[in-house]
Amino acid sequence: MTLADDDLRLRVRRLLEGGRRTDDLDRLYLGLRGRSQGCPAVQEIGDFIAHRDLREKGMITQVGRDVFTSVDVWSMTLRKLNVGRDDFIRAAEANLRLASDEVIRAGVGSSRQMAAGRLKKAIAKLRSDQSLSHSEWSVFTYFGNRFIWRPAFSAAQLNDELATVFLRSGLMSKEDRVQLATARAFISLHAVAAMHGSSILLDNRARARLFAGFANKDGWIEVKVDLVFHELGKPLMTPICLFLTDLRAEIYCAPELVADPDPIVIDHWSLPLEIGADGRLTAIEA
């Protein structure tokens, strides 16, 4: 092992033994993001730590752009805008990426691979003014004329991938998984704090803000992207969840973060956050 590997191994050992230092996780993500092949959530958090202000690529950015395209086209009629062929095409391509295999099977009765093939043919024919088959038209209208969204990834995925990368890099043993599981909440909150306050660059070159909160029926801590439309005379905000935890805000946040939700945009935070000494998410104090 190199000195850099020794550094990472000691930080993992400190985490396994109960240490909860954000600088340890920062260093681990930065050191391992180049070894995270097949574990995109780990690379994503590493990239956020390295380039926190504005994200122009990565899983969060791509899903955020696809969700914006999906809701943009779906809502154009409501916003009194004309919807053209190219709008339906970009929505169909985005929605295919967003849809789960189960949604695709239920919606068009085929696998993702088959649906993708039919959609590709449909788009090529539309652009060359050719007639579409019934199956091609069905797939195109299904994906081109609806709003689909999903989180880019969950806290559970992130924790599982981080364990995989630690094992693959020789930084812990299989027996250490039990100890690592005790740090799941800390790892999840660290990711929330890393993304909160960042922005992603949309396809239209607008910046979309990421913010943490708990505005969902279960009160789970999450990170949303704030998608804004301006055609109705005043901004129309559409916050969409991109990172979801299974941590209830009332348990894993300091009391002041859950006591007085914003009366306009409920249950989100517009101030810098960190993990406090008690292991809960809290506002940064001067």
Side-chain angles (χ1 to χ4, degrees), residues 33 40-41 43-100 103-104 107 112 115-128 139-154 191 194-212 222-244 265 268:
R33 63 185 179 134
Q43 180 172 348
E44 187 74 352
I45 299 302
D47 289 344
F48 263 96
I49 292 168
H51 308 286
R52 187 170 179 271
D53 179 53
L54 179 64
R55 301 290 301 127
E56 299 186 38
K57 61 181 180 178
M59 187 161 46
I60 288 281
T61 301
Q62 184 59 59
V63 172
R65 287 173 175 173
D66 285 341
V67 170
F68 177 80
T69 297
S70 184
V71 69
D72 179 29
V73 176
W74 175 78
S75 65
M76 286 179 77
T77 301
L78 298 175
R79 289 150 48 215
K80 305 185 185 306
L81 299 175
N82 294 324
V83 191
R85 180 198 65 186
D86 289 342
D87 295 311
F88 288 120
I89 288 175
R90 62 190 179 92
E93 292 173 332
N95 282 329
L96 177 63
R97 289 189 292 267
L98 288 170
S100 66
V103 167
I104 293 172
R112 176 181 297 276
R118 288 173 178 170
L119 182 60
K120 183 177 180 180
K121 289 180 180 179
I123 292 172
K125 288 182 177 180
L126 285 169
R127 284 175 169 159
S128 58
V139 168
F140 178 73
T141 55
Y142 178 80
F143 288 111
N145 192 32
R146 68 189 56 247
F147 170 43
I148 296 176
W149 75 271
R150 63 170 173 83
F153 58 100
S154 66
M195 288 185 277
H196 175 66
S198 299
S199 296
I200 63 172
L201 193 67
L202 300 175
D203 287 329
N204 63 2
R205 309 307 292 174
R207 294 171 68 122
R209 179 177 60 100
L210 301 180
F211 60 90
E222 62 183 352
V223 176
K224 288 185 173 180
V225 60
D226 195 11
L227 304 177
V228 183
F229 301 93
H230 298 276
E231 293 85 3
L232 297 179
K234 60 180 181 179
L236 173 64
M237 293 178 289
T238 308
I240 302 293
C241 175
L242 292 183
F243 177 69
L244 183 63
V265 183
H268 84 277

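Because the structure is predicted, anything quoted here is derived from the model rather than measured.
- Inter-residue side-chain proximity for Asp53 and Arg207 is flagged as met; some heavy-atom pair is nearer than 4.5 Å.
- Remark: side-chain polar atoms of Arg52 are paired, donor with acceptor, to backbone N or O of Ala194 under 3.5 angstrom.
- To the nearest 0.5 angstrom, Glu93 atom CD is 6.5 Å from Leu119 atom CG.
- Between Ile240 and Lys224 the shortest side-chain heavy-atom distance does not fall below 4.5 Å.
- The pair Arg90-Asp203 does not count as a salt bridge, with every side-chain nitrogen at least 4.0 angstrom from each carboxylate oxygen.
- Side-chain atoms of Asp87 and Asn82, non-hydrogen and from C-beta on, never get closer than 4.5 Å to each other.
- Atom-to-atom distance recorded for Leu210:CG and Ile200:CD1 is 5.5 Å, nearest 0.5 angstrom.
- When every heavy atom of Ala115 is checked against every heavy atom of Val139, the shortest pair comes out as O-CG1, 3.7 Å.
- Here the side chains of Val67 and Val225 are not in contact, with every heavy-atom distance at 4.5 Å or above.
- Arg85 places a side-chain N or O within 3.5 Å of a backbone atom of Leu126 that can act as its donor or acceptor partner.
- The line from CD1 of Ile123 to CZ of Phe88 is 13.0 Å long, rounded to the nearest 0.5 Å.
- Between Asp72 and Met76, the closest heavy-atom pair is O-CG, 2.9 Å.
- The backbone N or O of Cys241 sits nowhere less than 3.5 Å from a side-chain atom of Glu222 that would complete a donor-acceptor pair.
- Contact check for Leu201 versus Lys57: no side-chain heavy atoms found under the 4.5 Å cut-off.
- The structure places CG of Leu96 at 8.5 Å from CD1 of Ile148, a figure rounded to the nearest 0.5 Å.
- Evaluation of the side-chain contact (heavy atoms from CB on, under 4.5 Å) rule for Ala94 yields Asp66, Thr69, Arg97 as partners, not counting sequence neighbours.
- The distance from atom CZ of Arg55 to atom CD of Glu44, rounded to the nearest 0.5 Å, is 5.5 Å.
- A distance of 9.0 Å separates CZ of Phe153 from CG of Leu242, quoted to the nearest 0.5 Å.
- Listed by first and then second residue, the ring-ring contact (aromatic ring centres under 6.0 Å, His included) pairs that reach into residues 58-87 are Phe68-Phe229, Trp74-Phe147, sequence neighbours excluded.
- Pairs passing the side-chain hydrogen bond (donor to acceptor under 3.5 Å, both in side chains) check and including a residue from residues 140-152, sequence neighbours excluded, do not occur.
- Counting all heavy atoms, side chain and backbone alike, Asp226 lies closest to Ala208 at O-CB, 3.8 Å.
- For Lys125, the NZ atom is densely surrounded, since the number of other residues' heavy atoms within 6.0 Å is greater than 12.
- The minimum heavy-atom distance between Ala91 and Gly144, with the atom names listed, is CB-O, 3.8 Å.
- Taking every heavy atom of both residues into account, Leu202 and Gly64 meet most closely at CD2-O, 4.2 Å.
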